[in-house]
Participant: 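Got a structure for you, questions after.
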Amino acid sequence: MQLSQDYRTELGGNPLRQIPLELREELARFVTRQSRVNPVLCRVSDSKSTYGKASAKQTVFDFANHVVAKLDFPFDIKNFLMKGVTVRVKKYGFKRAFNFVTSRSSEVATALNALPVHFNQIDTEYKRVRLADQLTSLSRLHLNKALEAGMSPLEALQSINDATGLALWIPHFLPKAGNDDSVYFSILARTDDDAVWLRAINTKVTRVFETARRAAGMVSPSVSPYASYTSRQWLKDRQRKQTEWLEMMTIESECGESLNLKDVHDASTSNPANRRNELMTRIAGCQEYADANEHVALFVTMTAPGRYHRLKKHGQYFVENKNWAGYAPVDAHNWLSRSWVRFRAAADRNDFLYYGLRVVEPHVDGTPHWHCVFFMPLSSVAGFSEQLNHYQCQFDADELRHQDGTINHSAVNARIKIELIDSDKGNAVAYIAKYISKNIDAHKLDGLKDTDSKKVDLQESVQNVTAWSRTFGFRQFQFQKTPSVTVWRELRRMTNKLQDSAFERIRCAADSGFFSAYFDYMGGHTIKQTDRPVKACYEEKENKYQEMVKKISGVSGLTVSGELLTLATHEKQWSLVKKEETKPSPTVLSLGTAESGGSRFPWTRVNNCTQDQKRSLLVKDEDYLKWYFAPTRGDEPNIKSWESIRPAM
């Protein structure tokens, strides 16, 4: 469109340059349609309409300014919202587009406000590494000042917290009065480690950014179910880097044995197939144990209140939930956890016997809900169901009633649903198998759709579910009231037969994968974990933060004669060793790209000097980052040793 001279002059600092071409063209067409001059000339006029409204040019500029000002967000969120604005301008006009920008930008901004710093300071990997280095240096500075001033450990930690916002990045590091000084020593040591800072920053940024994408509408059955497309790509990149690291590492024992770390990983439960097989073995064992004891099974579905859900179902479609209060998926999970803790305490007080498995999975909008299979005697069903209903509906009960005060049964069923599993139609394993597979590797789910949205294919969306759980750190599977899986795994490490018959039968049951027998030999469903005949043994070792931590060393239990028998299962000490490199072809670093956040080298003449191999441009990104952010003051911080700190404090 040909523009007038004054319009072209204003275009230099014009917000139209900051919006996508498609939206810019749509605004240009609007100006052309509303222009009061000959459309053939296509000249923009400042003349007012007959009703005293703003000119077309002014309307477009005001709208563009509003959009640019409101959408100051990370690139992927901004790009998604811009597309939404373009569609609404084209279909419905400026009013609907204006309301869309205002509401969505407010929700996204609220989510991003959870970050201690502005998002543009941590939106690339380079920036996050740089911030971690800065916070580490700041922590060291204030720790040295605290030592010189003779402050106590708590006062030193509070000083670091005030300077770095430690409690905002790592909430469980929040200083608390009354704790032992040894607690503060380990926290102070961690504030001196840039790896701790970087891990905390990455965790915070990943969760807040995904919450903001969910608020923007990027998590839905029509866009990307369960998790955003960006989160899915983040998972793929993370898995690729993990695979590369596994392939270049080995583990060596003190006896000289060497194993490929990738092979060890594939043989463990870190392998999705092995993880799924173990879960299915354990739940099938619970079913066999229940059948032997004539127990019944309940299938329970629990959901958070409506104000935690981004979308709600309207017929066959999903629409925005006007009652959504901006809560993140973690908030919904915490609500369910609090209700479950209250119920569990009440069940213990009333001696309700139950055992089974709880699975956490997302709705299509990313809101978590729980699926559970519980086994119990028939006499416990009524009391168990009544108590669970009570605590699940105890809070946010206003949405469970109609305006006249009567109970809204559909809302109650959405909050909690308890079904007695009919063994003639299928056992509990068949009920829960789909949810286990859906949340791990989608094994044998070809062609199956999500129960909420038929648009979502479970086979294709398994990566989204994994990205969702990794982003928010949810524990997807948790068994209730069953014997320790740690003991189960440790017994399976043992190959030699034991002379004690009671111990040996438990070991044989675990080694053969006979979980129902293992469950029975470990005391069944009526005793507490502390009363099980075989327990895990731990030994204390000092970690790099100079605190004593427990590490598994074996198992112990009472023999037939009543003596305590301890068996070591970790006799060999293994250490990680990097494989000998075969000098792969060098990778040239790209400078000034959006991913790198700009050039990593200063634009000075120093770069023209001859550099050693360590500083060459032909190095890998990981190696360069390690060199670039290595403290110039040396590997060790410029502070006293922890042993010399304690008397001074």
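Everything numeric here is computed off the predicted structure, so don't read it as measured data.
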Participant: By side chain to side chain contact (heavy atoms under 4.5 Å, CB included), which residues pair with Gln476, not counting sequence neighbours?
Facilitator: Arg275, Asn439, Val465, Ser469
Participant: What is the distance from atom OG1 of Thr281 to atom CD of Glu288, rounded to the nearest 0.5 Å?
Facilitator: 9.5 Å
Participant: Please report the interatomic distance CZ(Arg489) to CD1(Ile552), rounded to the nearest 0.5 Å.
Facilitator: 11.0 Å
Participant: Restricting to non-hydrogen atoms, name the atom on Ile436 and the atom on Arg276 that form the minimum distance, rounded to 0.1 Å.
Facilitator: CG2-CG, 4.4 Å
Participant: Check whether Ser231 reaches the backbone of Ala227 with its side chain - one donor and one acceptor, N or O, closer than 3.5 Å.
Facilitator: no
Participant: Apply side-chain contact (heavy atoms from CB on, under 4.5 Å) to residues Gln242 and Arg238 and explain how you reach the verdict.
Facilitator: CA-CA 6 Å; Gln242 181 186 30; Arg238 181 178 177 182; 5.7 Å; no
Participant: So do Asp194 and Val129 actually touch side chain to side chain, heavy atoms under 4.5 Å?
Facilitator: no
Participant: Determine, stepwise, if the pair Tyr518 / Leu491 fulfils side-chain contact (heavy atoms from CB on, under 4.5 Å).
Facilitator: CA-CA 11 Å; Tyr518 170 75; Leu491 290 173; 4.0 Å; yes
Participant: Can any side-chain N or O of Thr250 pair as donor or acceptor with the backbone N or O of Leu259 at less than 3.5 Å?
Facilitator: no
Participant: How would you list, by chain and number, every residue that makes a side chain to side chain contact (heavy atoms under 4.5 Å, CB included) with Ala442, sequence neighbours excluded?
Facilitator: Leu445, Gln459, Val462
Participant: Look at atom OH of Tyr229 and say whether more than 12 heavy atoms of other residues, nucleotides or ligands are closer to it than 6.0 Å.
Facilitator: no
Participant: Return the set of residues passing ring pair (Phe, Tyr, Trp, His ring centres under 6.0 Å) with Phe375 (not counting sequence neighbours), or none when no residue passes.
Facilitator: Tyr355
Participant: When you measure from the side chain of Lys127 to the backbone of Asn120, do you find a donor-acceptor pair of N or O atoms at a distance under 3.5 Å?
Facilitator: yes
Participant: Taking the side chain as every heavy atom from C-beta outward, state whether Tyr354 and Ser380 have any pair of such atoms under 4.5 Å apart.
Facilitator: no
Participant: Tell me whether the count of non-hydrogen atoms from other residues, nucleotides or ligands lying under 6.0 Å of CD in Glu22 goes above 12.
Facilitator: no
Participant: Under the side chain to side chain contact (heavy atoms under 4.5 Å, CB included) test, which residues partner Gln529, sequence neighbours left out?
Facilitator: Arg532
Participant: Which heavy atom of Leu168 sits nearest to which heavy atom of Pro116, and what is that distance?
Facilitator: CB-CG, 3.8 Å
Participant: Taking atom CD1 of Ile407 and atom NE2 of His402, what is their separation to the nearest 0.5 Å?
Facilitator: 9.5 Å
Participant: Tell me if the CD atom of Glu386 is crowded by more than 12 foreign heavy atoms within 6.0 Å.
Facilitator: no
Participant: Under 6.0 Å between ring centres: does that hold for Phe73 and Phe119?
Facilitator: no
Participant: Check for me whether the distance between the ring centres of Phe514 and Trp488 falls short of 6.0 Å.
Facilitator: no
Participant: Taking all non-hydrogen atoms of both residues, which atom of Leu81 and which atom of Ala216 are closest, and how far apart?
Facilitator: CD2-O, 3.7 Å
Participant: Between Met302 and Leu388, which heavy-atom pair has the shortest distance, and what is it?
Facilitator: SD-CD1, 3.9 Å
Participant: Quick one: closest heavy-atom pair of Val360 and Pro368, and the distance?
Facilitator: CG1-CB, 4.1 Å
Participant: So Glu210 and Arg214, salt bridge (charged side-chain N to carboxylate O under 4.0 Å, His left out) or not? Walk me through it.
Facilitator: CA-CA 6 Å; Glu210 182 64 8; Arg214 178 170 174 262; over 6 Å; no
Participant: Is there a side-chain contact between Leu261 and Trp245 in this structure, where contact means two heavy atoms from C-beta onward sitting under 4.5 Å apart?
Facilitator: yes
Participant: Answer with yes or no whether the side chains of Tyr289 and His525 bring together a donor and an acceptor at under 3.5 Å.
Facilitator: yes
Participant: Measure from NZ or CZ of Arg282 to the centre of the six-membered ring of Phe479 and say whether it is under 6.0 Å with the direction within 45° of the ring axis.
Facilitator: yes
Participant: Assess the residue pair Ser437 and His443 against the criterion (side-chain hydrogen bond (donor to acceptor under 3.5 Å, both in side chains)); give the C-alpha distance rounded to whole Å, side-chain angles, the decisive distance to 0.1 Å, and a yes or no.
Facilitator: CA-CA 5 Å; Ser437 183; His443 180 66; 5.9 Å; no
Participant: Starting from the C-alpha separation in whole Å, work towards a yes-or-no answer on side-chain hydrogen bond (donor to acceptor under 3.5 Å, both in side chains) for Gln478 and Arg358.
Facilitator: CA-CA 5 Å; Gln478 185 176 19; Arg358 181 220 70 185; 3.1 Å; yes
Participant: What pairs meet the salt bridge (charged side-chain N to carboxylate O under 4.0 Å, His left out) rule with one or both residues in residues 457-478, with sequence neighbours excluded?
Facilitator: Lys449-Asp457
Participant: By the side-chain hydrogen bond (donor to acceptor under 3.5 Å, both in side chains) test, which pairs, at least two apart or in different chains, include something from residues 67-79?
Facilitator: Asp76-Arg213, Asp76-Thr230
Participant: Between Asn464 and Ser224, does any side-chain donor sit less than 3.5 Å from a side-chain acceptor?
Facilitator: yes
Participant: Would you give the length of the straight line joining atom CD1 of Ile201 to atom CD of Gln121, rounded to the nearest 0.5 angstrom?
Facilitator: 10.5 Å
Participant: Can you tell me which residue pairs pass the side-chain hydrogen bond (donor to acceptor under 3.5 Å, both in side chains) test with a partner in residues 411-433, sequence neighbours excluded?
Facilitator: Glu399-Arg415
Participant: Give me each pair satisfying side-chain hydrogen bond (donor to acceptor under 3.5 Å, both in side chains) with a member in residues 316-326, each pair once, sequence neighbours excluded.
Facilitator: Arg104-Glu320
Participant: Just checking Phe374 against Phe384, ring centres under 6.0 Å apart?
Facilitator: yes
Participant: Does some side-chain heavy atom of Phe80 sit less than 4.5 Å from a side-chain heavy atom of Val223?
Facilitator: yes
Participant: Is the number of heavy atoms from other residues, nucleotides or ligands within 6.0 Å of NE2 (His314) greater than 12?
Facilitator: no
Participant: Taking the six-membered ring for Trp, are the ring centroids of Phe94 and Phe100 within less than 6.0 Å of each other?
Facilitator: no
Participant: Sequence neighbours left out, what passes ring pair (Phe, Tyr, Trp, His ring centres under 6.0 Å) with Phe474? Give chain and number order.
Facilitator: His333, Trp468, Phe472
Participant: Checking Asp237 side chain against Trp234 main chain: does a donor-acceptor pair fall under 3.5 Å?
Facilitator: no
Participant: Nearest 0.5 Å please: distance from the OG1 atom of Thr482 over to the CG atom of Leu357.
Facilitator: 8.5 Å
Participant: Is it true that the side chains of Tyr226 and Asp450 contain a donor and an acceptor less than 3.5 Å apart?
Facilitator: yes
Participant: In plain terms, say whether Glu107 and Arg310 are close enough for a salt bridge, that is, a side-chain N and a carboxylate O under 4.0 Å apart.
Facilitator: yes
Participant: Any chance the side chains of Asn274 and Glu278 put a donor and an acceptor closer than 3.5 Å?
Facilitator: no
Participant: Which residues satisfy the ring pair (Phe, Tyr, Trp, His ring centres under 6.0 Å) test with His363, sequence neighbours excluded?
Facilitator: His309, His369
Participant: Mind checking what makes ring pair (Phe, Tyr, Trp, His ring centres under 6.0 Å) contact with Phe318, not counting sequence neighbours?
Facilitator: none
Participant: So does Ile122 get a backbone contact from the side chain of Arg128, meaning a donor-acceptor N/O pair under 3.5 Å?
Facilitator: yes
Participant: Could you measure the distance from the CG atom of Leu311 to the OG1 atom of Thr367? Nearest 0.5 Å is fine.
Facilitator: 7.5 Å
Participant: Identify, with sequence neighbours excluded, every residue that meets side chain to side chain contact (heavy atoms under 4.5 Å, CB included) alongside Val87.
Facilitator: Lys91
